[in-house]
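Below you'll find the structure, written out as structure tokens, and then a few comments.
Indexing begins at 1, ligand by ligand and atom by atom, following the structure's order.
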Amino acid sequence: MAETKKLLRALAGEVQDVPPIWMMRQAGRYLPEYRATRAQAGDFLSLCYNPELAAEVTLQPIRRYGFDAAILFADILLVPQALGADLWFVTGEGPRLSTTTQQSEFDALKPVEDIHETLSPVYETVRILSRDLPSETTLIGFAGAPWTVATYMIAGRGTPDQGPAHALREENTALFEALLERITLATIEYLSAQIEAGAEVVKIFDSWAGSLKGEAFRKYALEPCRVITQAIKERHPGIPVVGFPREAGDGYIGFANATGVDCVALDNSVSPEWAAQHVQADGCVQGNLASSHMVTGGQALVDETRQIVKAFSKGPHIFNLGHGITPDADPENVQLMIDTVRGR
Ligand SMILES: Cc1c2[nH]c(c1CCC(=O)O)Cc1[nH]c(c(CCC(=O)O)c1C)Cc1[nH]c(c(CCC(=O)O)c1C)Cc1[nH]c(c(C)c1CCC(=O)O)C2
């Protein structure tokens with residue numbers, strides 16, 4: 001069957017005059033309608049676990065902007081919670097988790113098959129979305145990559161340099177690798193369940209991949225992504241996988257071939273010209289406008305957007321930001337970016 005959705009066509013390798021476009025964190029605090037629905041849910045986690053309201057916030061940016069893809073509203077830290085870690089969000093600061101740095105804490109984690117008990121509302125959100133999305137909009141499911149998820153489970157919070165996770169991987173490599181393995185297996189089950197519920201693409205967010213270098217990058221960023229991608233492709237042939245080894249730098253080169261992902265998402269620390277030559281040569285890429293333009297707008301936004309579209313115009317490309325849109329962004333600037341990409 002010939003693919004009609006723009007995003008799926010790009011993932012299949014088609015070069016399009018106007019690339020499909022969506023935006024990381026497109027459902028988020030920069031939108032007044034998101035803030036209203038979040039208030040209705042009570043707090044962020046209650047919103048994640050409320051299928052009707054989570055579907056509603058997923059649909060809001062689709063209604064407002066007509067993006068080519070919707071990304072399931074959830075969070076990468078729901079997997080540790082489903083494995084038994086305590087999780088809460090401190091307003092204005094970010095996530096907090098009970099830590100997993102001792103053998104006894106690892107042993108207390110739940111087995112992988114138990115995750116669905118916690119995560120089943122997320123699958124219900126996917127079912128609602130696959131019913132309610134416009135027929136031209138692709139539904140993207142996602143999970144955090146094992147390394148990124150582990151950095152939060154080990155530190156109990158976000159850290160500037162992922163120091164506690166690096167310390168554990170050096171001081172207790174066996175425990176660190178056992179934790180990565182548990183997250184890897186849970187992620188395969190979680191993404192599979194999203195696909196069974198209707199997700200058409202899955203994306204693996206490795207937000208902290210850039211802090212792994214050399215052999216550590218290969219073992220703890222590339223290899224888990226390869227294992228997850230291979231398992232997804234065996235169970236669900238034809239479902240495209242997007243990898244996002246954020247700030248991988250030279251690690252972007254060859255990433256698609258080494259892992260089997262159909263598309264590599266790029267952060268904005270690499271130039272689109274460099275990435276077109278070294279990464280897009282292997283297939284579809286996604287990215288990579290600096291999210292700060294959504295705050296500042298103006299001619300710089302237009303120029304940079306045009307430059308990215310042009311640099312990637314000879315190969316398959318999905319337009320996106322280099323990282324998530326921030327709460328201080330102006331919704332008008334999002335419209336300006338979309339109009340620029342679509343040539344209006
Ligand atoms: C590291 C990470 C997390 N979550 C995620 C990552 C990987 C991508 C990245 O690097 O941004 C991924 C994520 N988080 C969220 C989504 C939903 C889909 C989307 O719109 O992209 C996705 C794909 C919602 C969210 N996840 C979070 C929010 C804001 C929560 C709120 O409404 O108060 C949203 C919309 C909270 C969150 N969740 C996380 C942090 C560190 C924070 C706090 C920081 C912040 O406040 O922005 C963990």
To the nearest 0.5 Å, what is the distance between CD1 (Ile318) and CG (Leu11)?
4.0 Å
Under a 3.5 Å cutoff, is there a donor and acceptor pairing between the side chains of Glu273 and Gln277?
no
Any atoms of ligand 1 less than 4.0 Å from a non-hydrogen atom of Tyr34? List them with their elements.
31 (C), 32 (O), 35 (C)
Which atoms of ligand 1 sit under 4.0 Å from any heavy atom of Tyr152?
1 (C), 41 (C)
Under 6.0 Å between ring centres, would you say that holds for Tyr123 and His116?
yes
Classify the contact between Leu72 and ligand 1 as side chain, backbone, both or neither, using a heavy-atom distance cut-off of under 4.0 Å.
backbone
Please identify which atoms of ligand 1 are closer than 4.0 Å to at least one heavy atom of Ser207.
1 (C), 7 (C), 8 (C), 9 (C), 10 (O)
Relative to Tyr34, does Arg29 satisfy both conditions: NZ or CZ under 6.0 angstrom from the six-membered ring centre, and within 45 degrees of the ring's axis?
no
Which of the ligand 1 atoms, numbered from 1, are nearer than 4.0 Å to a heavy atom of Ile71:
18 (C), 19 (C), 20 (O), 21 (O)
Of all the atoms in ligand 1, which lie at a distance below 4.0 Å from a heavy atom belonging to Gln26?
20 (O)
Quick one: does Asn288's side chain have a donor or acceptor within less than 3.5 Å of a partner on Ser271's backbone?
no
Say whether Gly144 and ligand 1 are in contact under the criterion: heavy-atom distance to a ligand atom below 4.0 Å.
no
Just verifying a value: how many Å separate Trp22 CH2 and Gln26 CD, rounded to the nearest 0.5 Å?
6.5 Å
For Ala27, the ligand 1 atoms with a heavy-atom partner under 4.0 Å come out as 20 (O), 35 (C)
Step-by-step side chain to side chain donor-acceptor pair (under 3.5 Å) determination, Tyr252 to Asp282:
CA-CA 11 Å; Tyr252 281 126; Asp282 294 335; over 6 Å; no
For Arg38, counting its heavy atoms only, list the atoms of ligand 1 lying under 4.0 Å from any of them.
31 (C), 32 (O), 33 (O)
Heavy-atom nearest neighbour in the protein, as seen from atom 45 (C) of ligand 1, with distance rounded to 0.1 Å
Arg29 NH2, 3.1 Å
Nearest heavy atom to atom 44 (C) of ligand 1: which of Arg25, Arg157, Glu93 does it belong to?
Arg25
Any idea which atoms of ligand 1 are less than 4.0 Å away from a heavy-atom of Phe89?
36 (C), 37 (C), 38 (N), 42 (C)
What part of Pro327, side chain, backbone, both or neither, has a heavy atom within less than 4.0 angstrom of ligand 1?
neither
